[in-house]
Structure formats: structure tokens, C-alpha cells
Amino acid sequence: GAVVSQHPSWVICKSGTSVKIECRSLDFQATTMFWYRQFPKQSLMLMATSNEGSKATYEQGVEKDKFLINHASLTLSTLTVTSAHPEDSSFYICSAGKFSSTDTQYFGPGTRLTVL
Amino acid sequence: KQEVTQIPAALSVPEGENLVLNCSFTDSAIYNLQWFRQDPGKGLTSLLLIQSSQREQTSGRLNASLDKSSGRSTLYIAASQPGDSATYLCAVLDWSQGGKLIFGQGTELSVKP
């Protein structure tokens, strides 16, 4: 068990458009979901933590109005990159924590975003 | 502020060799430490998780150790195979920062046949 999916797996968009990425926990309920960004040859950087039914907590330097996070249910969180620019091109990975065990995160396969 | 460092950044070994990857962290007040594998363009696969009260964990050819007092962990890979080629990331769960996973930069491993 503990499978996390992301959709889409890759997306190419024009500068100025908005892109939504979904993160789903397929076989468990996730009270907490995390969104990370990874640039080439670099490690994962936490962008924000979202708890079901409440506002996301953003890391320092991450613009909350640009990266909109919604965690409307215990199995789904979405990240919307608004007015995307080429510098937003990156690999976005989500993870989810089980309701019963918050010390383990299960990672999704990632979404490659390319902004032209 | 917790910082995680991995050495070396890249490693190339011939098939069959035993190897050690290193991870160090600056604040010993961690909840657990986890080793992940990441293939190019893919997500993370969890390899081993060591709770703060544990000293090591083993899974097949992998063995991870944890010395919390010195802020170090090692991942030992026995009899390496070309299929082990990937980037290996270590991460600590730091409750002092709200239960965040803090990642190292990773070690890119290449096992040559």
C-alpha cells in the first residue's frame, strides 16, 4: 500500500499560462501533503506543507500567490503554478503522510514542468 | 537550522565493488533519517528508514547506519550492480522545523559493468 500518484507526469506550457498539478494518495488517507521542487542536479526543496481543510504553510521565499495549493480532501492536493514563467520550469514532487503515522512520507513520481 | 550534506557528490565504481555513501547533518535532534533512491527524471523510492533510537537498518544488499551524536549516517551497498546506478538522497525528519524532511544534495552513483 501507500501509493501516491501525480498528474500530469509532464507538461509544457507557454509563458503566462497557469498549470495545475494533482497529487493523489491512492490507497490511504493523507492528512498532510508536501510539495517539493527539484532543479536539475539539485536536491529537493520543500515549497509548502498542506493539511486537509486548512491553508497551506509556505516555506520562506515561496510566493503563495504564485503557487496556489489546495488540499480539499484526504486523498487529493493540487498545486497551481499561476502565470508561469521559464524560471518556474522544474521537477515538482509531492509526498503524502498517512493519518496514522506522520513520520513517514510517501512520494509521488513527480511532474516535469517546462515553460516556454 | 538543520543542514544535510552528502559526500561524495558523484561516485563511479566497477561492478561487484562494495561502497559507502556518507550523509552528515548539523542538528542531532532528528526524529528519523531516511535513504532514498532517485532514477533520472523519476520520483523517490524509499530504501531504508532509521528511527532516531536505532543504530542501523538492513535490506538485502543495503545497510544503513546512524550515529546521531556525531550527526552521521552511512549507506553501505554490497556487491554493487549496474542496476544500482542512480542518485541516492538522504533526508532527516526534523521536528524542530515542523516535521519537515530536510534533504541532502545527493550522491550520483554509476556502477560500470
Side-chain angles (χ1 to χ4, degrees), chain A residues 1-11 21 23-26 30-51 54 56-62 89-98 101-114, chain B residues 1-11 21-25 29-54 57 59 66 86-110:
Chain A
V3 178
V4 176
S5 70
Q6 280 184 243
H7 178 80
S9 55
W10 60 270
V11 56
I21 302 170
C23 177
R24 292 182 185 272
S25 55
L26 299 184
T31 52
T32 306
M33 287 185 169
F34 304 85
W35 286 96
Y36 296 85
R37 180 167 52 183
Q38 186 179 34
F39 292 107
K41 299 292 185 181
Q42 294 187 28
S43 191
L44 278 72
M45 297 301 294
L46 180 66
M47 299 174 66
T49 303
S50 74
N51 293 292
S54 62
T57 302
Y58 290 82
E59 294 300 297
Q60 193 172 10
V62 178
S89 298
S90 187
F91 194 54
Y92 292 86
I93 303 178
C94 74
S95 70
K98 279 186 175 180
S101 176
T102 56
D103 64 335
T104 302
Q105 294 180 28
Y106 301 91
F107 285 80
T111 296
R112 170 74 58 193
L113 170 64
T114 302
Chain B
K1 181 182 173 184
Q2 179 75 264
E3 292 183 4
V4 180
T5 304
Q6 290 185 246
I7 296 173
L11 181 63
L21 307 181
N22 297 290
C23 174
S24 61
F25 46 96
I30 63 170
Y31 190 78
N32 61 42
L33 183 144
Q34 204 161 353
W35 283 93
F36 295 88
R37 169 186 172 136
Q38 185 177 30
D39 292 292
K42 304 292 185 182
L44 303 183
T45 300
S46 179
L47 298 174
L48 291 165
L49 185 150
I50 312 176
Q51 300 292 353
S52 62
S53 58
Q54 297 174 324
Q57 284 285 336
S59 175
L66 174 64
T87 295
Y88 291 81
L89 296 161
C90 79
V92 299
L93 188 70
D94 192 330
W95 280 124
S96 69
Q97 295 191 47
K100 298 176 190 174
L101 269 180
I102 312 296
F103 283 85
Q105 312 94 309
T107 294
E108 188 174 355
L109 173 65
S110 175

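- A:Lys41 is linked by a salt bridge (charged side-chain N to carboxylate O under 4.0 Å, His left out) to B:Glu108, counting only residues two or more places apart in sequence or in another chain.
- Side chain of A:Ser43 to backbone of B:Gly106: no donor-acceptor contact under 3.5 angstrom is found.
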Run the side chain to side chain contact (heavy atoms under 4.5 Å, CB included) test on B:Leu101 and A:Tyr36 for me, step by step, so that the C-alpha distance in whole Å, both residues' side-chain angles and the decisive distance to 0.1 Å come before the verdict. CA-CA 10 Å; B:Leu101 269 180; A:Tyr36 296 85; 3.6 Å; yes

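- B:Gln38 and A:Gln38 are linked by a side-chain donor-acceptor pair at a separation below 3.5 angstrom, with hydrogens and angles left out of the test.
- Ranked by heavy-atom pairs shorter than 4.5 Å toward chain B, the options A:Leu44, A:Thr111, A:Val4 are led by A:Leu44.
- Considering CD of A:Gln105 and NZ of B:Lys100, their distance stands at 11.5 Å, rounded to 0.5 Å.
- Proximity to chain A (any heavy atom under 4.5 Å) is restricted, for B:Leu89, to the side chain, taken from C-beta onward.
- When the ring pair (Phe, Tyr, Trp, His ring centres under 6.0 Å) test is applied to A:Tyr92, no partner is found at least two apart in sequence or on another chain.
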